[in-house]
A.B. asks: 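This is the structure I have questions about; it appears just below.
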Amino acid sequence: MKIRHMLLATTCTAALALGGCASNPTNAQIGTGVGAVAGGAVGNAVFGGPVGTIGGAAAGALIGHEIGEDRDQRRGYRR
């Protein structure tokens, strides 16, 4: 029964993740994802543990989003 739940959770996660690929992402969206991953890695390396990882990911996502949004505005991106 446990394998069935894991398979269902994996299938649902994959479907939601692929649904986000329906259109080209903006620089703000890319920056948010990259910033979250990089911030989580740095936060874990510097502070260690889950609190450092989550805090670093949140800070990285915020910074990455702002940088990407600035690049979108400079390019004249249309929504």
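Position 1 is the first residue of the sequence, and the numbers go up from there. Predicted model, so just to flag it, every value in this text is computed and none were measured. Both backbone and side-chain heavy atoms feed into the values below; hydrogens, waters and symmetry mates do not.
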A.B. asks: Group every Ile, Leu, Val, Met, Phe, Trp and Tyr by side-chain heavy-atom contacts under 4.5 Å, then state whether Phe47 and Ile54 land in the same group.
C.D. replies: no
A.B. asks: Once you round to the nearest 0.5 Å, how far does NZ of Lys2 lie from CG of Leu7?
C.D. replies: 14.5 Å
A.B. asks: Between the main-chain N or O of Thr26 and the side-chain N or O of Gln29, is there a donor-acceptor pair closer than 3.5 Å?
C.D. replies: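 Yes; judged by distance alone, with no hydrogens or angles, the pair exists.
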A.B. asks: Measuring from Ile30:CD1 to Asp72:CG, what's the distance to the nearest 0.5 Å?
C.D. replies: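 If we round to the nearest 0.5 Å, Ile30:CD1 and Asp72:CG are 8.5 Å apart.
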A.B. asks: To the closest 0.5 Å, what do you measure between CG (Leu62) and CD1 (Ile67)?
C.D. replies: 10.0 Å
A.B. asks: Please check: side-chain N/O of Asn44 versus main-chain N/O of Thr53, any donor-acceptor pairing under 3.5 Å?
C.D. replies: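 The answer is no, because no donor-acceptor pair under 3.5 Å joins these two groups.
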A.B. asks: Quick one: pull up CD in Glu66 and CG in Asp70 and give me the separation to the nearest 0.5 Å.
C.D. replies: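 So the CD of Glu66 and the CG of Asp70 are separated by 8.5 Å.
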A.B. asks: Say whether, by atom type as modelled, one donor and one acceptor occur between the side chain of Asn27 and the main chain of Glu69 under 3.5 angstrom.
C.D. replies: no
